[in-house]
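Per chain, numbering begins at 1; letters A, B, ... match sequence-line order.
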Amino acid sequence: MTSLRANLIEIIQLGSEIGGVLDLPVDHWPEPGQYLACQRLSSFSEILPVSLFAMPGSLDQLTLGPIPADWLPSDQLAYSPPQGHGFSLPISARRVGLVPLQVSPARLLPLADTALAQGAAVALFYASSLSSSMLSWVPSSVEILPVSTLLENPDWPDYLAFDVERATLEQVIDLVDLRTFQCSGDVLVRTPMPCRGLGKCGVCAVHTTRGWKYVCMDGPVFPITEVWHVAR
Amino acid sequence: MWLDEDKPILKRDLVLEKPFLNTSGALGFTPHPAAGPIFDFLGAFITNPISRNPRQPAANRIYLPFPGGFMLHTGHPNPGITRAVKRYQRRWAGAALPVIIHVLVESPSMLAEMVRKLEGLENILALELGLPPDCDPGLLSVIMAAGVGELPVIPCLNPGQIPIFLDTLKELKPITVHLVEPRGSMPAPDGGLVTGRLYGPAIFPVMLQAAQTLVNAGLQVIANGGVIARWQVDAFLKAGVIGIGLACAFWQVEQAQLLRVLNNSN
């Protein structure tokens, strides 16, 4: 795998997570849902690279996270080019729902920018209150609504993007019965990816309609129909 | 001298042209170009563990970091020996380095069956045996006998198993033993306890001591040990091991560090 260099320019508090502004060339920016393996140079405490995702930030800068708490501006980093499959937002989507279930909305918010740019209405369906540090990064045109609103209006979205921990998949699918929705959608499956596909270690394995798949190689974003009912 | 048709032809030499190997579980089932130029530096490629029947990922699979390392519990997912041979034998045969197949031993008879399926495959240097958790010295002897065939058989043991198996290994004199990562426990997110294999430089002192014990017992040793730096390699070689298994070193982004380990460069 190719390793490349970057500098950590700035750190940003995003709710409970920390984002970092990195000076990567634009052609190395991950799409929403993709990840990028990153490691601080000359660090004796980090055994493995961390997987960083696009996070909300200034449009002309790349913000990735969550970064480790001890990374500081001016740290030098090594990284690999973006990996994995990101969200497949249809160009025709006009009503986009972002649904982080029991996780931070940070990894879904970059998708809001893409959806707004193509003229879609975007709603963030979130179960609890957003912290002020996260709220400041939500575009003003994005409606923030409780998840119950989505469940009461299954005909509204024509695309849904979920963000879910792999370990809680079975629990969260009880919250959202996808049989009531007619739209397409994707789910970002969160799980540790220690080998990033090099070892097929199996830690990130998720059961899909196409059998067992690796989140690190076949995801992290999967079509929702492949994952949702299988996890039940 | 006439060959005795009743006796199997045994390969008794295990020669590694270079002292580095990957730990089973570090680089998948076949050498893959995505891993980069590292295969030029390896003496052999060890496959992920393969069992007789297919295995799914463990329901409580987990990666848990701790200072100096991490724990993995995966359940050793694999397609089973029959499907693995069908799927991978061509890539094993065409690999640029010899292949050691890691088999999970559940019983001596299952091992014998797996050995028969693997003999005759091209470019296979040896089989290494992941022993069952309840293995005792008597069972080890039976397992080693069941593994006898055309390919050398390398038993794997972790440091905790050395006191149990050392005398037996001295009698059995396997061609090589592979000292693999220790097992440990960590608190799981759900509040319980999870057991798994430990990796990372924090295990190095235990592994170096264990390797020295095995070498001093007259055994030929391949040792894993949380190696991420050249000085650790030098320490293992000074202890007398013939091969060093690398794991998390391959999963680094910073390739220059790995190449410093493999290349003896500063």
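- At a threshold of 4.5 Å between non-hydrogen side-chain atoms, the residues B/Phe29 and B/Val99 do not count as touching.
- Looking at B/Pro67, there are no atoms closer than 4.5 Å to chain A (heavy atoms on both sides), in backbone or side chain.
- Neither the backbone nor the side chain of A/Val50 comes within less than 4.5 Å of any heavy atom in chain B.
- Of the two parts of B/Ile228, neither the backbone nor the side chain holds a non-hydrogen atom closer than 4.5 Å to a non-hydrogen atom of chain A.
- Taking chain B as the reference chain and counting heavy-atom pairs below 4.5 Å, the highest number among A/Cys204, A/Cys201, A/Cys195 is found for A/Cys195.
- Looking at heavy atoms from C-beta onward, A/Leu135 lies in side-chain contact with A/Ile144 at the 4.5 angstrom threshold.
- More than 12 heavy-atom neighbours from other residues, nucleotides or ligands sit within 6.0 angstrom of NZ on B/Lys18.
- At least one side-chain heavy atom of A/Lys200 sits less than 4.5 Å from a side-chain heavy atom of A/Met217.
- With hydrogens and angles left out, the side-chain atoms of B/His102 and B/Asn48 include no donor and acceptor closer than 3.5 Å.
- For B/Phe70, the part lying under 4.5 angstrom from a heavy atom of chain A is the side chain only.
- Of the atoms belonging to A/Leu77, not a single heavy atom falls under 4.5 Å from chain B.
- Ranked by heavy-atom pairs shorter than 4.5 Å toward chain B, the options A/Gly202, A/Cys38, A/Ala205 are led by A/Ala205.
- No side-chain heavy atom of A/Phe162 sits less than 4.5 Å from a side-chain heavy atom of A/Asp186.
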